[in-house]
Structures are given as C-alpha cells and as structure tokens.
Number of protein chains: 2
Amino acid sequence: MTSTFAPLPETSTADLVAERLREAILDGTLRPGDRLVETDLAERFAVSRGPVREAIRLLAPEGLVVLRRNRGAVVASPSFDDVLEVYAVRMSLGALALTNAVELRAAATPAFTDAVRLLAPMRDPDVQADPQAMLEADLAFQDAVLSLSGLPRISAMLEQSARDAASFVSLLGITYDSTDHVALVQRHERLLDALSSGEPGRAVAAWQEHIRATVAEFARACPDADSARIHDHPLARHVLDATQEKP
Amino acid sequence: MTSTFAPLPETSTADLVAERLREAILDGTLRPGDRLVETDLAERFAVSRGPVREAIRLLAPEGLVVLRRNRGAVVASPSFDDVLEVYAVRMSLGALALTNAVELRAAATPAFTDAVRLLAPMRDPDVQADPQAMLEADLAFQDAVLSLSGLPRISAMLEQSARDAASFVSLLGITYDSTDHVALVQRHERLLDALSSGEPGRAVAAWQEHIRATVAEFARACPDADSARIHDHPLARHVLDATQEKP
DNA sequence: GCACTGTAGATTGTCAACAATCGTGCCAGG
DNA sequence: CCTGGCACGATTGTTGACAATCTACAGTGC
C-alpha cells in the first residue's frame with residue numbers, strides 16, 4: 001500500500017468538531033435554519049468553546065452555515081438557484097480540468113487506474129442500498145477523475161463544489177429513492193472511455209452530459225423547485241441543455 | 001447612491017486584524033514565507049491572541065497564508081502555475097457570468113450604469129500614478145461588471161479570484177512600471193460595448209481577450225516565469241491563445 | 001567525527017472567566 | 001389597541017493563563 005506511510009492527517013480538536021458538525025448537517029440531524037450555539041456544542045463534545053468556535057468558522061466558507069455578527073451561526077438554507085449555480089461552475093471548471101487531463105495523457109497514468117478502481121464500489125449492491133455511501137463513492141470517483149488535470153487549485157475548487165452539491169441533498173430534502181444507479185455508473189464509464197480516447201471534446205461532452213443528467217435528477221427530486229419555472233432561470237440553458245454556446 | 005443604506009459592515013476585531021494583515025501582505029510589508037506569530041501580532045495590534053488567531057484562520061481559505069498544525073502560519077508563496085490556474089478559472093467563470101448578464105439584459109439596468117461610472121477613476125492620472133489605487137479601481141470595475149450576472153455564488157468566486165490575482169502582484173514581485181493603462185481601459189470599454197450589443201458571444205470574446213492580455217502582461221513582468229517555458233504549461237493554451245476549444 | 005537522544009525555549013492549542021451585545025417580554029404612555 | 005422605552009436572560013466576543021507540541025541545540029555514546 002502506497003498510502004501506509006503517507007503523512008499523518010493534521011487533525012486538531014477544531015477539525016474533529018467541524019467533521020462531526022458536517023456529518024450532522026449532511027445526515028439531516030441538523031436542519032436548515034437550526035442554530036449552532038457555541039456553549040451547547042462545547043458541552044456536548046466535552047471541549048471548550050474555543051475549538052467549537054473555530055470549527056463553526058471553518059464551516060462558514062464551505063457554505064454549510066451562515067454567520068451573523070453577535071448573533072451566532074445557523075445551518076444554511078440554500079435554494080434551487082444555488083444548485084444551478086454550483087452545477088454551472090462544476091460544468092465549466094470540469095470541462096477545463098478534463099481538457100487538461102486529456103492533454104496530459106492522463107489515461108496512461110497510475111492515477112487513472114486508481115480512478116477506474118474507485119468505480120467498483122458504486123457497482124456493489126450493498127453500497128447502492130445505502131444512499132450516504134453511494135453519494136460518497138460517487139464524490140470520491142468524480143474528485144479522482146477531475147484531479148487527473150494536475151491543476152491543484154482547480155481540483156480543490158471542484159472538490160468544494162462536489163461537497164456543496166452533496167450538502168444540497170440533505171439541506172434541500174432530496175429523496176434518493178429510485179435513483180438510477182446503473183445509468184450513473186454508465187455515465188462514469190463513458191467519461192472514462194472518452195478520457196482514454198484522447199479527444200478533449202469527447203471528454204468534455206461526456207462530462208456535460210453527466211452534469212445535465214444530475215441536475216435533471218435534482219430538479220425532479222427537489223420539492224423546492226417546481227419544474228415548470230426552472231427553465232426560466234438563465235443558467236438552466238447551460239446546465240440542462242446539452243448544447244453550449246460557442247465563444 | 002444605491003449603496004447608502006446597504007447593511008452596515010459587520011466588523012469584529014478579527015475582521016479588522018485580518019484586513020490589516022491583508023494590506024500588509026498586499027503592499028509587501030509581509031513577504032512570502034514570513035511567519036505570522038500570534039503572540040507578536042496580538043501585542044502589536046493591542047488585542048489578545050483570540051482575534052488574531054481567528055484573523056489568520058480567515059486568511060487561510062483566501063490563499064494568502066498557509067497553516068501547518070502546531071507550527072503556525074506563514075505567508076503563501078505562490079508560483080506562476082497558480083497565476084495560470086486562477087486566470088483560467090477567471091476566464092471560464094467570467095464567460096458564464098457575462099453570458100448570463102447579457103441574457104438578463106443587464107445593459108439596461110442601473111447596475112450597468114454604476115459599472116460604467118467605475119471606469120472613470122481608471123482614467124484619472126492621479127490614480128494611474130498609484131499602482132495600488134489603479135489595481136483597486138480595476139478590481140472594483142471588474143467585480144461590478146461580473147456581478148451583472150445576477151449569480152451571487154459565481155460572482156463571489158470571481159471576486160475571490162480577483163483578490164487572488166491582486167495578491168500575486170505583490171507575492172510574486174511583479175513590477176508594474178510601464179503597464180499600458182490606456183490599453184487596459186480600452187479593453188474595459190470594449191467589454192461594456194459588447195455587453196450593450198446584447199450578443200453573448202461578443203461579451204465573452206471581449207472578456208477572453210482581456211484575460212489573455214492580462215496574463216501576457218503578468219508573464220512579461222513576472223521574474224519567476226521564464227517566458228520560454230510558459231507555453232509548455234497545458235493551461236497556457238486556454239489563457240494565452242485567443243481561440244478556445246468547442247464542446 | 002558522526003548519529004542519535006534529551007532538554008530548553010518558543011509557540012501554538014485549549015481552557016474557563018469576564019465583558020459586550022442581542023432578542024424578548026414587560027410596562028408605561030399615547 | 002398600538003407604539004416606544006427598559007430591564008433581563010441568553011449568547012457571542014474577548015481576554016489572560018495553562019497545557020501540549022514543535023524546533024533548535026547541546027550532550028552522550030560509538
């Protein structure tokens with residue numbers, strides 16, 4: 001195993017608290033609008049207010065909570081417009097990343113093999129049965145593929161947008177019941193094929209198709225967005241129509 | 001003025017300290033690799049370590065400092081690769097934002113008039129003589145134009161990337177001596193014209209041309225990047241060549 | 001002379017108490 | 001009945017002290 005002697009994770013108490021809070025928000029224990037009271041959380045986690053405060057400040061730039069001076073923090077309440085924006089960013093930067101990956105001949109690298117391997121869990125029925133696990137496997141795969149770009153900053157932004165997207169699932173009350181896992185895996189396979197082909201255009205097209213399908217699924221499952229009005233949003237053209245404008 | 005009754009700035013001590021540190025980094029008082037010792041800073045600003053610590057944590061996600069557990073924070077040392085990445089993001093998301101702005105008929109809004117007004121300071125010889133002031137005026141104008149998209153998240157990301165770009169100027173030791181201010185203002189004017197024309201393609205093209213010129217200027221002035229090797233970087237095609245790939 | 005271990009000083013991580021601020025409910029006045 | 005001021009409780013903002021950790025340097029054994 002190459003990762004056995006990798007640098008240890010640098011986890012402070014604040015990081016641990018932040019991680020717990022993230023989980024609580026993502027699994028629905030904490031719901032949009034809920035207040036995060038430093039004193040309460042400090043008592044529950046059996047630490048002082050310092051690390052808790054730091055943890056909350058850590059979640060703010062991630063978009064999971066919103067801070068208001070002297071009034072504490074509350075769990076964020078995103079709208080469907082946010083979903084469209086995040087996926088528009090994802091489509092745009094993803095295209096950039098994948099083009100770069102192709103130009104780097106990423107398909108021939110060990111990192112590519114690792115990415116291919118990450119698709120395996122998504123075919124596992126046990127994983128498919130657990131929405132949370134499925135979501136995490138999906139995220140891990142997409143992060144790995146997009147990291148093939150060799151662009152650290154852009155990869156980090158894409159990972160952030162992936163976490164945003166994941167948080168929308170719980171914050172908007174998406175129900176994952178009959179999601180078509182097979183189609184999802186197939187889209188990922190097509191993406192890998194396109195990367196192997198060495199044609200940037202094919203990779204970008206596969207990516208855009210994936211985003212389009214994901215947003216469409218979101219729109220169907222999201223109680224907030226009545227499907228009729230979605231197409232009024234200017235961004236809908238970008239993230240729902242397969243064809244994109246040319247410069 | 002529309003902003004007279006905007007919400008008051010919610011400035012805590014930590015925000016003030018962060019602002020001072022930002023200035024210190026941006027004007028070169030603090031240089032890449034310099035350590036930020038909480039005790040020292042607390043004493044200088046005449047506050048306790050708490051707010052200083054929080055301020056440093058605030059600068060970390062902005063990319064101005066890097067944190068290492070139990071070892072404090074140091075001022076970031078970006079490379080020219082970072083410049084290319086940031087401008088690639090800027091080109092990509094800017095195209096998205098401007099397309100949206102055109103589709104919203106932004107040219108007919110008061111916000112557009114405000115943006116036009118922001119160009120005036122950049123023609124002022126006094127401002128042009130002060131690189132710092134010129135940079136800020138440029139940033140304010142670009143932020144205003146890109147905000148016409150009506151996409152809050154994407155506008156925020158673009159503002160962040162603009163701050164990143166500004167920080168590179170000092171962190172990479174760019175010398176601003178003979179920058180062609182006239183050409184810069186002309187590019188901005190062309191961008192406004194394109195927005196008024198109502199053709200998304202023209203706005204995007206003007207934007208890409210602006211990014212291309214900016215990066216080229218960066219490459220010329222940056223002592224770190226020997227111009228010969230820049231074009232080896234895969235991103236160079238995107239941010240230096242005017243033509244972009246089609247999906 | 002070299003590699004390793006142990007200690008000292010500096011610095012960060014954490015804590016608990018104090019001060020400042022906000023929201024709520026009550027009460028007087030119109 | 002509604003409006004405006006006031007006090008109280010709850011919560012955040014800030015502080016200084018203590019504990020844990022890191023880096024550098026000196027000392028020990030080979």
Side-chain angles (χ1 to χ4, degrees), chain A residues 5-25 29-77, chain B residues 5-25 29-77:
Chain A
F5 289 101
L8 293 173
E10 304 193 335
T11 29
S12 66
T13 307
D15 290 331
L16 294 173
V17 173
E19 186 51 39
R20 291 280 194 94
L21 289 176
R22 247 181 240 114
E23 284 170 21
I25 294 174
T29 309
L30 288 169
R31 310 185 55 183
D34 282 358
R35 294 183 58 191
L36 297 177
V37 178
E38 295 178 2
T39 319
D40 287 359
L41 297 173
E43 201 171 344
R44 291 203 204 181
F45 292 127
V47 296
S48 80
R49 274 182 53 214
V52 171
R53 189 181 169 83
E54 197 170 316
I56 293 175
R57 297 287 189 284
L58 234 41
L59 299 181
E62 296 178 19
L64 288 176
V65 305
V66 297
L67 299 173
R68 287 166 310 174
R69 161 144 169 103
N70 286 329
R71 277 184 286 169
V74 298
V75 178
S77 311
Chain B
F5 289 100
L8 293 173
E10 304 191 337
T11 26
S12 66
T13 308
D15 291 331
L16 294 171
V17 173
E19 186 51 40
R20 291 280 194 93
L21 290 176
R22 247 183 240 113
E23 284 171 21
I25 294 174
T29 309
L30 288 170
R31 309 184 55 183
D34 281 359
R35 294 182 57 191
L36 296 177
V37 178
E38 295 178 1
T39 319
D40 287 359
L41 297 172
E43 202 172 346
R44 292 203 203 179
F45 292 127
V47 295
S48 80
R49 272 183 55 215
V52 172
R53 188 182 170 82
E54 198 170 316
I56 294 175
R57 297 288 188 283
L58 234 42
L59 299 181
E62 296 178 18
L64 288 175
V65 305
V66 296
L67 300 171
R68 287 166 311 173
R69 160 145 168 104
N70 286 330
R71 277 183 286 168
V74 297
V75 178
S77 311

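Residue numbers begin at 1 in each chain, while the letters A, B, ... track the order of the sequences.
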Name every donor-acceptor pair, under 3.5 Å, that has one atom in a side chain of residues 47-56 of chain A and the other anywhere in the protein, sequence neighbours excluded.
unit_1: A:Ser48; atom_1: OG; unit_2: A:Gly50; atom_2: N; d: 3.4
unit_1: A:Arg49; atom_1: NE; unit_2: A:Glu38; atom_2: OE1; d: 3.1
unit_1: A:Arg49; atom_1: NH2; unit_2: A:Glu38; atom_2: OE1; d: 2.9
unit_1: A:Arg53; atom_1: NE; unit_2: B:Glu54; atom_2: OE1; d: 3.2
unit_1: A:Arg53; atom_1: NH1; unit_2: A:Glu38; atom_2: OE2; d: 3.2
unit_1: A:Arg53; atom_1: NH2; unit_2: B:Glu54; atom_2: OE1; d: 3.4
unit_1: A:Glu54; atom_1: OE1; unit_2: B:Arg53; atom_2: NE; d: 3.2
unit_1: A:Glu54; atom_1: OE1; unit_2: B:Arg53; atom_2: NH2; d: 3.4
unit_1: A:Glu54; atom_1: OE2; unit_2: B:Arg57; atom_2: NE; d: 3.0

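Take the nearest nucleotide of DNA chain C for A:Arg71 and for B:Arg57: the residue whose nucleotide is more 5' is B:Arg57. Summary of the strand contacts: A:Ser48 and A:Asn70 both lie near DNA chain C, and taking for each the nucleotide with the nearest heavy atom, the more 5' one is attributed to A:Ser48.
Look at B:Arg53 and you'll find a side-chain N or O under 4.0 angstrom from OP1 or OP2 of C:dG13. Using a 4.0 Å cut-off, no side-chain N or O of B:Thr39 falls inside it from OP1 or OP2 of C:dT11.
Looking at heavy-atom distances under 4.0 Å, A:Arg68 makes no contact with the nucleic acid at all. In this structure, B:Ile56 reaches neither bases nor backbone, as no heavy-atom distance under 4.0 Å exists between it and the strands shown. Heavy atoms of A:Gly72 sit under 4.0 angstrom from primed sugar atoms or phosphate atoms, though from no base atom.
No side-chain heavy atom of B:Asp40 sits less than 4.5 Å from a side-chain heavy atom of B:Arg35.
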Verdict with supporting geometry, A:Glu19 and A:Arg22, salt bridge (charged side-chain N to carboxylate O under 4.0 Å, His left out):
CA-CA 5 Å; A:Glu19 186 51 39; A:Arg22 247 181 240 114; 2.8 Å; yes
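Sparse packing is recorded around CZ of B:Arg31, with 12 or fewer heavy atoms of other residues, nucleotides or ligands lying under 6.0 Å away.
A:Leu64 contributes atom CG, which lies 9.5 Å from atom CG of A:Leu21 (distance to the nearest 0.5 angstrom).
In 5' to 3' order, the nucleotides of DNA chain D bounding all contacts with chain A (an atom under 4.0 Å from a heavy atom) are D:dT11 to D:dT14.
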